[in-house]
2 protein chains.
Amino acid sequence: MTLSDRKKKILYSLVDDYIVTAEPVSSKKIQEEHLPDYSSATIRNELSALESMGYLVQPHTSAGRIPSQKAFRFYVDQLMVTPLTQDEISAIECHFGDKISSLQDVMSKVTKVLSEVTHLTSIAVEDKATGEVVQNIKLVRLTQGNALVLVVSDKNVFKDHIIEIPDNLSDVDLEKINGWLNHLFTPKKIDELRGINLDDILDEELRVLQSLFEDVLKVLREVSKKKKEIITQGAAQILDYPEYSDKDNAKQFLQVIEQKQKLADMFAEDNGMELNIKIGREEEQNLPDGCSLVTAKIGINKNSYGNIGVIGPVRMDYKKVVSVLDHIGKLIEKLLNEEE
Amino acid sequence: MTLSDRKKKILYSLVDDYIVTAEPVSSKKIQEEHLPDYSSATIRNELSALESMGYLVQPHTSAGRIPSQKAFRFYVDQLMVTPLTQDEISAIECHFGDKISSLQDVMSKVTKVLSEVTHLTSIAVEDKATGEVVQNIKLVRLTQGNALVLVVSDKNVFKDHIIEIPDNLSDVDLEKINGWLNHLFTPKKIDELRGINLDDILDEELRVLQSLFEDVLKVLREVSKKKKEIITQGAAQILDYPEYSDKDNAKQFLQVIEQKQKLADMFAEDNGMELNIKIGREEEQNLPDGCSLVTAKIGINKNSYGNIGVIGPVRMDYKKVVSVLDHIGKLIEKLLNEEE
DNA sequence: GTTTAGCACTCAAAACAAAAGAGTGCTAAC
DNA sequence: GTTAGCACTCTTTTGTTTTGAGTGCTAAAC
């Protein structure tokens with residue numbers, strides 16, 4: 001079921017309006033500012049229809065309407081990257097004047113700019129495992145049924161993961177398995193290992209051990225996950241939004257922001273997407289109530305260096321956010337290229 | 001001018017009360033809860049006297065009194081470390097169950113516990129330069145009057161600092177100076193260098209260059225300063241205090257918390273003190289409005305590993321905070337000792 | 001069939017008024 | 001030096017009224 005053009009226009013206008021005012025939007029306002037050729041009564045009829053279709057919500061009978069999550073989803077799906085104004089561009093670029101010495105430096109600068117320009121809380125996930133090469137994997141038996149997974153890369157040694165192994169596994173078997181593990185998984189970049197699908201690479205004879213290999217792979221993924229550095233900036237921005245004048249909401253928000261691991265997980269899921277918009281809890285369990293998360297990937301030539309993004313109220317200024325993220329993303333890639 | 005015993009008792013009771021309620025305290029309340037042997041009228045007279053001495057403030061004529069910063073200073077100066085209850089101790093120690101793998105790990109755990117137990121925002125400064133040994137110092141002439149200070153330690157190379165040198169310095173002179181620098185300052189631990197006093201070690205013949213040496217030393221101190229890792233935890237706690245229900249206050253607080261460098265500076269000043277309490281802006285320019293900072297030093301055998309502390313409203317529960325910091329400080333030292 | 005003017009109705013928010021009550025300062029007596 | 005007593009002050013609470021924005025519906029116009 002598709003919306004009529006007029007309904008689309010009304011809905012879009014209403015969301016546009018709500019994003020700036022955070023107040024219920026009335027039929028009269030839509031008429032005056034967006035659709036002067038129709039009377040407010042007509043628009044009221046349309047609004048009523050949109051409401052029963054689930055796009056709008058009325059806080060109480062004598063109030064205007066506010067967009068539902070469905071409406072926001074409609075809104076962002078229409079969205080394209082619009083070019084920034086010259087002012088906005090210079091506002092961003094004047095922050096990058098000084099020399100940049102490391103990726104970490106870049107990330108910390110970026111979060112500052114991002115938060116300042118969008119008036120939202122910004123998050124950067126730096127993928128420290130990028131380029132790290134796994135050189136050796138070894139299962140070391142601890143007890144009859146348990147083994148330590150020892151992972152040696154060119155930069156680190158990981159020895160914090162224990163998995164279960166079949167009870168009847170002999171030392172010779174274990175040796176063999178270690179051979180296969182190294183054959184299959186080394187030397188390989190950690191980022192590559194993350195994407196490996198065992199079904200594709202396991203020989204028939206190794207199928208019986210698939211669950212064991214699966215476990216090892218899980219450890220490898222775990223390892224690559226841990227090697228992330230998360231920084232946030234501008235948490236205080238949230239207090240400027242009326243929807244967070246409620247203390248409990250604000251508190252919940254801040255608490256989520258502090259749980260870096262959860263933040264990283266939220267970013268992790270949308271691997272592959274250049275730009276990702278998650279609206280409200282329904283789309284991402286871990287988001288604070290009433291929040292959206294817009295993320296972008298930072299990478300050159302298939303190497304992912306991390307992600308950047310902003311988190312804020314569902315009615316954030318997606319247009320601006322998307323454009324700014326796009327611009328900064330390109331900027332970073334340029335900086336990283338110069339580096340090399 | 002010293003306070004009479006009764007005044008002391010009244011003042012102490014009032015602060016004690018205010019710390020829990022955050023409300024102006026009335027003469028009647030003090031009488032009922034702390035001084036049943038005097039009438040409220042008598043206490044009123046005393047309160048009036050304490051007010052004119054600057055210990056108390058009255059929000060308006062028909063309200064009780066609230067303690068001034070001076071009163072809090074009086075209060076904490078009386079404070080001693082009181083033993084924790086068994087409940088509090090177990091609340092702390094149950095968090096340290098898992099194995100601890102690194103100092104960083106310790107710090108991150110400690111901030112969590114600290115914030116949870118005190119209901120305040122906790123801060124940890126990890127002194128990464130601890131144990132780092134400066135191996136070589138070299139001045140490299142850039143222009144006639146400028147030189148780069150190159151510092152090589154066992155872990156890092158620092159080359160971001162430029163100082164002025166006398167215009168008439170020949171290359172031979174510079175070589176000599178480099179020799180002296182290395183003679184005086186290497187090989188030494190960075191933490192040692194921080195405390196060096198040039199007056200004590202400079203020979204007569206080097207006096208003329210004292211200011212130059214002073215500059216190099218400043219760079220070394222700068223270097224050791226940079227090598228700090230600051231983590232905070234529980235920023236959201238602040239929202240539970242009525243004094244931060246005002247949005248602007250809360251915002252300001254959060255913004256300060258995000259400026260890690262400033263936080264580090266606040267800790268830096270009280271080198272040498274085991275425990276330090278700073279009450280309000282008057283004592284520490286960089287504190288958020290209406291905040292106090294209680295810090296403790298973490299170290300074994302004169303080696304400073306960093307600091308931990310909490311930041312929160314001036315009327316925080318100093319008794320508890322001080323005891324908890326004391327307890328956790330000792331706990332960390334034990335953990336660090338086991339490590340070695 | 002679609003649009004719209006008109007009007008009754010709803011409900012939150014603002015404005016106002018009154019009452020309650022907590023606390024003080026002062027005076028006069030103990 | 002201490003305290004009972006009381007007038008006075010000022011905030012807080014509570015209730016009431018008013019206002020006005022906005023809707024839904026109906027009936028007429030297009």
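Lettering of chains follows the sequences in order, A, B, ..., and the numbering in each one begins at 1. Being a predicted model, the structure only gives us computed values, none of them experimental.
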Nucleotide-resolved protein contact map, nucleotides 21-27 of chain D, B/S/- at heavy-atom distance under 4.0 Å = BSBBB--

How about B:S122 and B:K112: does a side-chain donor come under 3.5 Å of a side-chain acceptor?
-> no

Please check if any side-chain donor atom of A:S13 sits under 3.5 Å from a side-chain acceptor atom of A:E33, or the reverse.
-> no

Mind listing the closest non-hydrogen atom pair of B:G280 and B:L287 along with its distance?
-> O-CD1, 3.6 Å

Rounded to the nearest 0.5 Å, how far does CG of B:L56 lie from OG of B:S68?
-> 6.5 Å

Answer yes when A:D77 and A:R73 have at least one side-chain N-carboxylate O distance shorter than 4.0 Å, and no when they do not.
-> yes

Let me know the distance between CD1 of A:I66 and P of C:dA12, rounded to the nearest Å.
-> 14 Å

Quick one: do the A:T21 and A:K29 side chains pair a donor with an acceptor below 3.5 Å?
-> no

Which parts of residues 30-38 of chain A get close to DNA chain C, meaning a heavy atom less than 4.0 angstrom away?
-> A:D37, A:Y38

Can you find a side-chain donor-acceptor pair between A:E88 and A:H327 that sits under 3.5 Å?
-> no

Length of the CD-P vector between B:E23 and C:dG23, whole Å | 10 Å

Charged tip of B:R315 within 45° of B:F72 ring normal and under 6.0 Å | no

C:dT2 phosphate, OP1 or OP2: any side-chain N/O from A:R6 under 4.0 angstrom?
-> no

